[in-house]
Amino acid sequence: MTDIRLPDSGFYEAFRRECLTAVRNRSELFNPLIFFLSIIMFVPLGVSPDANVLASIAPGMIWIVALLSVLLSLDKVFQSDYDDGCLEQMILSGQSMYLMVIAKVLAHWCFTGLLLTLLSPVLALMMALPSQAYGALLLSLFLGTGALSFIGAVGAALTVSLRRGGLLLSLIIIPLYVPVLIFGASCVRSAALGDPYSGQLAILAALWLLSVMLAPLAMVGGLKISLEN
């Protein structure tokens, strides 16, 4: 049988390396999921166990917690590579940094946003979200968390050289998250009320595509500035 090998593109190697690192660091891998699950579990205890109350706040609550869970893990995207010098070697290697940062952020999304998306129907059940909104919740989180990862990675690139840069990262990124949060929660709320939600999904898809195309350029620039300092 012929041994089929993917070309040494930098993209594949960076994606594979990030996935292996995430699998080996299980404690960091599960932190966003545990945070997401814990907050949603506490809402009925702290707000109200009434199903009508929970259903009314479920779209916004699930989306806010998903946003914070992604934000919680963003400072790890470039930090380990910066600390051990791999980031500098990547830039000096002559390979496309644009593709490599896309690979790193895609790996981050697979182990945060995608897992949160797959977990969301269980949490929607706990929040008494109407069943007709489950599809909108899955689709909106699938598109929206991808945009959150790419937008947030820009802040991670700008603050990678700063010790305790988490607060600055939050201040930079949270305003940019507002459109994704608004249209994500609106999509789920419209579906729960039986209204059309394709418009909100289209906007989330556009935000995801724009973030994939433009955010890597800002990331590469931010990383070069961080390394120069």
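Reckoned from all heavy atoms, side chains included, excluding hydrogens, waters and symmetry mates.
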**Prompt:** So do the side chains of Phe150 and Leu214 get within less than 4.5 Å of each other, counting heavy atoms only?
**Reply:** no
- Message: Are Ile182 and Leu139 linked, directly or through intermediate hydrophobic residues, by side-chain heavy-atom contacts shorter than 4.5 Å (ILVMFWY only)?
- Response: no
To the nearest 0.5 Å, atom CG of Leu72 lies from atom CZ of Phe35 at 6.5 Å
Shortest non-hydrogen pair, Val220 vs Tyr98, comes out as CG2-N, 4.0 Å
Between Ile151 and Ser211 the two heavy atoms that sit nearest each other are CG1-CB, 4.0 Å
In this structure, CG of Leu123 is separated from CD1 of Ile39 (nearest 0.5 Å) by 11.5 Å
Open item on the list: If you apply the rule side-chain contact (heavy atoms from CB on, under 4.5 Å), what do you find for Ile62 with Phe36, and how did you get there?
Closed with: CA-CA 8 Å; Ile62 292 173; Phe36 190 48; 4.1 Å; yes
Scanning both residues in full, the closest heavy-atom pair of Ser140 with Val188 reads OG-CG2, 3.6 Å
(request) Take Thr112 and Thr145, measure what side-chain contact (heavy atoms from CB on, under 4.5 Å) needs, and give me the verdict at the end. (result) CA-CA 8 Å; Thr112 53; Thr145 54; over 6 Å; no
Q.
Quick one, Ser149 and Val70 - any side-chain contact, counting heavy atoms below 4.5 Å?
A. yes
Taken to the nearest 0.5 Å, the spacing of Asp195 CG from Cys187 SG works out to 11.5 Å
Do you reckon Val77 sits in the same ILVMFWY cluster as Leu217, going by side-chain contacts under 4.5 Å, direct or chained?
yes
Between Leu20 and Met100, is there a shared hydrophobic cluster once you connect ILVMFWY residues whose side-chain heavy atoms come closer than 4.5 Å?
no
Nearest heavy-atom contact between Tyr177 and Leu71 is CE1-CD1, 4.3 Å
For Glu88, the side-chain hydrogen bond (donor to acceptor under 3.5 Å, both in side chains) test, sequence neighbours excluded, returns none
Checking Arg17 against Asp81 for the side-chain contact (heavy atoms from CB on, under 4.5 Å) test, could you report, in this order, the C-alpha distance in whole Å, the side-chain angles of both residues, the deciding distance, and whether it holds?
CA-CA 11 Å; Arg17 179 170 170 268; Asp81 287 336; 2.7 Å; yes
Q. Should we say atom CZ of Phe111 is surrounded by more than 12 heavy atoms from elsewhere, each under 6.0 Å from it?
A. yes
- Would Leu138 and Leu116 show up in the same hydrophobic cluster when neighbours are defined by side-chain heavy atoms closer than 4.5 Å? no
message = More than 12 heavy atoms of other residues, nucleotides or ligands under 6.0 Å from CH2 of Trp109: yes or no?
response = yes
- Task: Please check if Val23 and Phe15 belong to a single hydrophobic cluster, counting links between Ile, Leu, Val, Met, Phe, Trp and Tyr side chain heavy atoms closer than 4.5 Å.
- Result: yes
Partner of Leu141 under side-chain contact (heavy atoms from CB on, under 4.5 Å), picked from Thr117, Leu148, Leu119, is Thr117
Note: Met219 and Phe78 closest approach over all heavy atoms is SD-CZ, 3.8 Å
Note: Ser186 and Gln200 closest approach over all heavy atoms is OG-NE2, 3.1 Å
CG of Asn31 to OG of Ser69, rounded to nearest 0.5 Å, is 10.0 Å
Distance col, row Leu115:CG vs Ser120:OG, nearest 0.5 angstrom, shows 11.0 Å
Here the gap from Leu125 atom CG to Ile40 atom CD1, rounded to the nearest 0.5 Å, amounts to 12.5 Å
### Leu74 and His108, any side-chain heavy atoms less than 4.5 Å apart
yes
